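Keep in mind that the numbers below use all heavy atoms, side chains included, and drop hydrogens, waters and symmetry copies. Since the structure is predicted, the reported quantities are computational estimates derived from the model, not experimental observations. To find a chain, count down the sequence lines: A is the first, B the second, and so on, and within it residues start at 1.
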Protein chains: 2
Amino acid sequence: MGTTQLEPVPEPKYWHLRNLLGQALDTEFSVGEVLPNERDLAARFGVARATLRQALEQLELEGRLQRRRGVGTTVAPPRVGVAVGTRRHDWPGTADDVWQPADCVLAAPPAAVADALGTGRDEPVHTVRRSRGTHGLPVAAELLYIAPSSVPDLTAIDAPSGAARARAVLRELQRGELEGQESAVELGSAGAEDAKELDRLPGAPVLVVTTRYLAGGRTAALSVATYRADTCRLTFGDSGDVEIHHGPQTRAS
Amino acid sequence: MGTTQLEPVPEPKYWHLRNLLGQALDTEFSVGEVLPNERDLAARFGVARATLRQALEQLELEGRLQRRRGVGTTVAPPRVGVAVGTRRHDWPGTADDVWQPADCVLAAPPAAVADALGTGRDEPVHTVRRSRGTHGLPVAAELLYIAPSSVPDLTAIDAPSGAARARAVLRELQRGELEGQESAVELGSAGAEDAKELDRLPGAPVLVVTTRYLAGGRTAALSVATYRADTCRLTFGDSGDVEIHHGPQTRAS
DNA sequence: CAGTGGTCTAGACCACAGG
DNA sequence: CTGTGGTCTAGACCACTGA
């Protein structure tokens, strides 16, 4: 039964290293503390720097480490819970200070978005760019597509674009009746534009939340929001937060 | 796809390569098709194999490629939408053929789980292991923790463990009244055990869905499910599917 | 068996942060 | 400037698949 034995096929070094480091993080380091640099760590474990980096990459993906070029590797705080899809049947921006509108233009959206909105492929829609922060740190960037028919009374706005116009469009959108919404979450990587806004490098892992807002029997608006996967835990549900932090790696070797 | 040019832009090579390959996937390849092997591709683009691999890694993370050792790299089908958190206020396994119970034991859970369930840290709970598949492929592995008090009438079961017992526990659980549920989604990496079950290598990216089931004013059960991040799109919401496949990379360079 | 992707090495140089 | 992480190279060998 429970015998410890040498594996006939040893597990990869980077994986073993990840487990060792993860254990060390639990016992010997506290949040915010800086680790030794990669070259020292690699030497200490007797592996090449690339191998050590592969282990650090894993831990960063799991939200346990934070690496910044020119600075160093630090122990990351627990992921922040970010409410997504609570307050069901609420239009975006209803009681919001978390989202900060940045811009709004009238432009033709990607074809897939146009199809979902039921607008023509070359028909311009309101495109709102917003960003979301928590504790002063950026966590999400969003692109909100709103069919013109959903915000009919957009008369008194003279600004053709900019944050002021974004706020006006959102205000107008909230006058409509929202019937439902549905979301999907998938893994993606930050494009150059989002990466800059999220203070990450291009290709950084993000959780892409696509939400469709239903009103008047059709899709009235559509949001594509990208959340930093390293720092965020997205919460859905009927009530408050889910506080289990069982750790993002599920069952170790 | 026969190009060889890589201008000296400040953009990292692997990122540029990712964009080139992604574009090629859209225009010159169809789902299931196998790409040239990594050594050939690297030579064709005039980069080291490691650099080429970094680009492929990105595309695999975004669900556009599938790589299998000993076989090759193929163009992945679009991600499958997996319903999570629909049919609100339903116990797990209510009308399920998607989840397949594998085992059930009575054991002390991790400390964080015991705290959430409100049981003592050394108090054993029912621990059900299930797996979920779609189109014959495994997509998720779950660990379900159920407080013994939530399934009081577990008398007629003689099996101390196994799939039969798992089914019995789930059946008993559904006799209770579920008041609500809340979920959280975060990025993690598959442990050795999950990796095998999901047919991936250890460290593979997974979406970890933690769900708390509320009944009788407290947490009656708790689920930690890990979904393959490369093949799954998790859907939440009031109604059907969200079909936008805007592509997991949000806005390219 | 031959061919594939997965792991690993030991270097090099670059981009950036901070003093 | 020094020190950090980020990128990149050109190899090597291993583990696995399928013929």
Side-chain angles (χ1 to χ4, degrees), chain A residues 7-19 21 33-61 64-76 189-190 192 195-196 199-205 230 253, chain B residues 6-19 21 33-61 65-76 189-190 192 195-196 199-205 230 253:
Chain A
E7 308 213 15
V9 179
E11 62 187 355
K13 277 188 186 178
Y14 77 89
W15 183 256
H16 186 219
L17 215 45
R18 184 209 82 120
N19 293 330
L21 288 168
E33 201 168 339
V34 306
L35 271 64
N37 72 56
E38 297 182 347
R39 290 162 179 88
D40 283 355
L41 275 180
R44 186 174 313 190
F45 286 104
V47 299
R49 191 179 154 216
T51 305
L52 186 272
R53 275 181 63 80
Q54 211 173 340
L56 294 182
E57 221 162 273
Q58 285 279 343
L59 293 165
E60 189 181 32
L61 202 79
R64 310 205 31 176
L65 288 179
Q66 191 169 347
R67 297 191 286 174
R68 272 172 308 176
R69 168 154 51 179
V71 178
T73 302
T74 59
V75 180
S189 48
K196 197 157 68 176
D199 192 28
R200 301 260 67 194
L201 294 164
D230 54 344
S253 134
Chain B
L6 285 182
E7 321 105 52
V9 289
E11 195 175 46
K13 277 188 188 178
Y14 77 88
W15 183 255
H16 187 216
L17 216 44
R18 185 208 81 122
N19 293 330
L21 288 168
E33 200 168 340
V34 306
L35 271 64
N37 73 56
E38 298 182 347
R39 290 163 179 87
D40 283 354
L41 275 180
R44 184 175 315 192
F45 287 103
V47 300
R49 191 179 156 216
T51 304
L52 185 272
R53 275 181 62 80
Q54 212 173 340
L56 294 182
E57 221 162 273
Q58 286 278 341
L59 292 165
E60 188 181 32
L61 202 78
L65 288 180
Q66 189 170 345
R67 298 191 285 175
R68 273 173 308 174
R69 165 153 54 179
V71 178
T73 302
T74 58
V75 180
S189 48
K196 197 157 67 177
D199 192 27
R200 300 260 68 196
L201 294 164
D230 54 345
S253 137

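A straight line from CG of Leu65(A) to C1' of dT4(D) spans 15 Å, rounded to a whole angstrom. The distance from atom CG of Leu59(B) to atom P of dG5(C) is 14 Å, rounded to the nearest whole Å. Between the P atom of dG5(C) and the CG atom of Asp199(B) lies a distance of 17 Å, rounded to the nearest Å.
Distance alone, capped at 3.5 Å, is enough to place a donor-acceptor pair between the Gln58(A) side chain and the Gly203(B) backbone.
A 4.5 Å side-chain heavy-atom check between Arg53(B) and Arg67(B) finds at least one atom pair inside the cut-off.
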**Q.** Heavy-atom protein contacts under 4.0 Å, nucleotides 5-13 of chain D, coded B base, S sugar-phosphate only, - none
**A.** BBBSB--BB
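With respect to Phe45(B), the side-chain contact (heavy atoms from CB on, under 4.5 Å) criterion is satisfied by exactly one of Leu17(B), Thr51(B), Asp40(B): Leu17(B).
Under a cut-off of 6.0 angstrom, the local environment of CG in Asn37(A) is crowded, with over 12 non-hydrogen atoms contributed by other residues, nucleotides or ligands.
Applying the side-chain hydrogen bond (donor to acceptor under 3.5 Å, both in side chains) test to Glu57(B) and every residue at least two apart in sequence or in another chain returns nothing.
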